[in-house]
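Heads up: the structure comes next, in structure tokens.
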Amino acid sequence: MTNTTTWARVKSPWVLHFNSGACNGCDIEIVALLTPKYDVERFGVKLEPSPRHADVLLVTGCVTQQCAERLKRIYDQMPQPKFVVAIGACACSGGVFDGNYNVVGGVDKVIPVTAYIPGCPPRPEAILDGVVKLLNALNPPKQKKQKQLEPPKETKPVVSEPEVIVPSQEAKPVIEETKTNVKQ
Amino acid sequence: MSNSKIDIVSIVESKLKDKVQIQLGQLGNAAVNTSNGLHRDVVKVMLEADEKTAIVAITGLDLGANLGLLYHLRTSNAFITIRAEVPKDNPKIQTIVDLIPGAAFSELEVADLLGVVFEGNPSSGHFLLSEQWPEGIFPLRKDVKANEVKLNPPPPEGARTPEIGRQVKIIIGPQHPALLEPEKFAVTVDGEIVTKVEPRLGYVHRGIEKASESRTYLQDVYLVERICGICNACHAYGFVGTVEKILKTDVPPRAKYLRVVTLELNRLHSHLLTLGHAGLEIGYETLFQYFWRDREPIMDLIELTSGNRVYSSLMTVGGVRRDIRDTDIPRIKTTLEELRKKLPFYRQIYTNEASIKARMQNVGVLSRSDAIKLGMVGPVARASGYDIDVRKDEPYEAYGEIPFKEIVYTEGDTWARMNVRMDEVEESINIIDYALDHLPTGPFRIDAPRNVPIGEAVCRLEAPRGELFYYIKSNGTANPDRVKVRTPTFANLPSFLKTAIGESIADVPPNFVSLDPCFSCTDR
């Protein structure tokens with residue numbers, strides 16, 4: 001059963017886009033992904049309007065105070081397993097708005113993030129690359145026998161004490177393991 | 001235009017000679033200093049003299065012991081600023097909403113961020129700030145260290161009050177498929193008919209105006225550019241144009257033409273984006289895909305001229321940062337020519353296609369007088385027969401030398417607003433073509449002084465969504481003292497709140513998207 005669901009998820013991940021206080025730069029690039037030149041649907045990616053049907057949450061923006069609570073609520077509404085992709089410099093770290101009075105700064109201060117795509121804004125090709133890498137991490141090629149990326153289990157409490165999550169933290173062990181496999 | 005002969009400054013001077021001081025040439029055509037509630041009298045005189053008098057913005061300033069208020073008003077041929085002051089310990093002033101209804105949002109913003117109490121325009125709750133923001137702390141006051149403010153705990157999720165009777169409240173946003181950006185609209189419907197629209201702004205409020213006070217002028221260009229990812233070149237120009245006015249520097253002719261090319265490329269991609277997005281909102285997805293396909297070559301041109309797809313970062317104080325290579329000009333012209341060839345097809349869709357007509361004609365009709373009263377700008381105003389275009393009224397950069405048509409429709413509905421944009425796409429192509437053909441030789445940048453002297457200035461420009469307004473006050477240090485931005489969507493939003501009422505809930509999306517709403521601009 002797990003294999004079937006993983007296969008279904010990787011072949012057709014449904015993504016939800018949430019703007020948590022972005023300047024529209026990243027958002028327009030996400031929409032551009034759907035259009036003929038980039039056409040993300042050829043990877044089976046479908047933009048889904050409801051959080052309850054989404055597998056992947058694409059978050060843009062620096063997370064304003066007013067959006068933080070909503071972002072967490074949307075994340076909680078998504079069914080398990082769920083993955084979060086932070087798109088753009090603001091979503092990764094707060095970007096140019098970090099330190100402003102109405103800005104929390106970074107998606108990972110509110111909800112756990114699976115993948116980071118930096119750039120201001122990242123080019124559509126970069127977003128595409130990030131999404132495809134995430135899909136590959138979910139369903140690694142069989143001969144390598146990698147561990148599957150565990151989806152984040154618990155929602156972290158909102159704001160107050162900012163907790164730094166090092167980007168690509170989850171990606172590292174996967175690579176090391178591959179090396180050891182090769183040695184054996 | 002018969003109105004263009006009105007000399008508003010001398011009319012105000014003759015009627016209120018003893019009561020107000022007039023400083024010619026400051027903050028537009030003139031600054032009028034008032035006290036003791038006389039600002040209302042000046043507004044009344046201006047409204048009587050010129051029917052096109054409309055509010056552009058209200059800037060709030062922290063002047064130490066007092067709070068300053070600048071009412072920026074536009075008439076058919078002039079730009080006037082009225083100054084008023086209120087003491088900080090009792091910041092009360094009479095509202096002007098009864099005279100100019102379009103001032104309501106501007107007053108609420110000043111009330112929320114600076115704590116001025118407008119008598120007659122009561123604010124309920126926060127306008128831009130988060131609900132958790134403590135009462136009585138106003139981030140734009142200089143003594144407030146805004147990022148040390150402790151927020152109130154979030155309110156508990158209480159049970160919602162049940163709806164009584166026929167009226168049902170439908171919440172659109174902050175996460176909603178029809179909105180690309182987070183903003184909340186509570187639409188009350190009776191059956192299918194909308195009876196009330198309550199907006200809740202501030203989901204994208206990042207405090208850019210306050211943040212710009214702690215950065216240098218050069219850093220601020222990149223910060224204000226990020227107010228909006230769509231019309232970023234316009235924001236950058238608004239900022240550098242205002243700083244150049246304080247510095248009293250003039251940019252070289254080649255820079256003026258290059259700026260026009262950048263601003264028009266910006267308009268082109270923005271209009272194509274909206275024309276496509278409108279298709280998506282009425283369920284015409286093919287049109288959306290077609291428009292966005294043809295928008296991509298324009299994005300490539302922006303990348304060709306500036307090095308980046310979205311943020312061109314081309315404007316700088318004293319000119320532009322990059323020149324256009326002569327070898328690139330043929331490619332730009334060919335790309336634009338290809339787009340021009342496709343326009344008759346799109347125009348035919350927007351004028352004749354039955355589904356577009358059915359969903360857009362007679363939807364969200366705004367009369368010319370309402371457009372003036374509510375202070376509409378840009379394509380929304382021009383679709384209602386209100387002929388304002390800063391490029392024509394107060395030509396900046398090279399716009400005075402370039403021939404182009406001002407597109408005006410009189411229907412005032414959603415269909416007219418989209419068709420104004422459709423026609424402007426062609427005008428933009430003409431402008432870029434003309435600018436590239438007549439590109440002057442010489443330097444594209446001069447070395448502007450880094451130190452900005454004490455002073456203040458305003459700058460207006462025509463962004464894709466309408467008139468964009470900048471006000472900067474400098475205090476002689478490396479950082480500006482106050483930066484105020486009034487964005488076009490902030491001015492255009494009252495149109496939607498007015499025209500949605502009485503129409504079907506199904507007409508809300510096309511009506512809404514016809515404003516080309518941009519909330520990252522609105523909230524800043």
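We name chains A, B, ... by the order of the sequence lines, and we start the count at 1 in each one. For the numbers below, each heavy atom of this structure counts, side chains included, while hydrogens, waters and symmetry mates do not. Owing to the predicted nature of the structure, the values given are computational and were not obtained by experimental measurement.
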So, for [X] and [Y], which heavy atoms are closest and what is the spacing to 0.1 Å?
X	Y	answer
B/Cys518	A/Asn24	SG-ND2, 3.6 Å
B/Gly202	A/Asn102	O-ND2, 4.3 Å
B/Tyr203	A/Cys67	O-SG, 3.3 Å
A/Asn100	B/Gly207	ND2-O, 3.7 Å

**OP:** May I have the step-by-step check of side chain to side chain contact (heavy atoms under 4.5 Å, CB included) for B/Arg206 and A/Thr64, ending in yes or no?
**Re:** CA-CA 6 Å; B/Arg206 291 150 288 169; A/Thr64 58; 4.0 Å; yes
[X] portion near chain B, given a 4.5 angstrom heavy-atom threshold:
X	answer
A/Val103	side chain
A/Ile74	side chain
A/Leu34	backbone
A/Cys120	both
A/Glu29	side chain
A/Val31	both

I'd like to check [X] versus [Y] (side-chain heavy atoms, cut-off strictly below 4.5 Å). Are they in contact?
X	Y	answer
B/Leu129	A/Tyr101	yes
B/His269	A/Ile28	no
B/Arg226	A/Cys90	no
A/Thr35	B/Phe291	no
B/Arg309	A/Arg123	yes
B/Tyr290	A/Pro36	no

Original post:
Does atom CZ of A/Arg52 have more than 12 heavy-atom neighbours from other groups under 6.0 Å away?
Top reply: no
Original post:
Does A/Lys37 NZ have over 12 foreign heavy atoms under 6.0 Å away?
Top reply: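 Yes.
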Original post:
chain A heavy atoms under 4.5 Å from B/Arg200: which part of the residue, side chain, backbone, both or neither?
Top reply: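 For B/Arg200, side-chain heavy atoms alone lie under 4.5 Å from chain A.
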Original post:
Side chain, backbone, both or neither: which part of B/Glu303 has a non-hydrogen atom closer than 4.5 Å to chain A?
Top reply: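 Only the side chain of B/Glu303 comes within 4.5 Å of chain A.
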**OP:** For chain B, find which of A/Gly25, A/Ser20, A/Cys62, A/Ala22 contributes the most heavy-atom pairs closer than 4.5 angstrom.
**Re:**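 It is A/Ala22.
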Original post:
If you count heavy-atom pairs under 4.5 Å between each of B/Leu128, B/Asn232, B/Leu280, B/Ile230 and chain A, which one has the most?
Top reply: B/Ile230
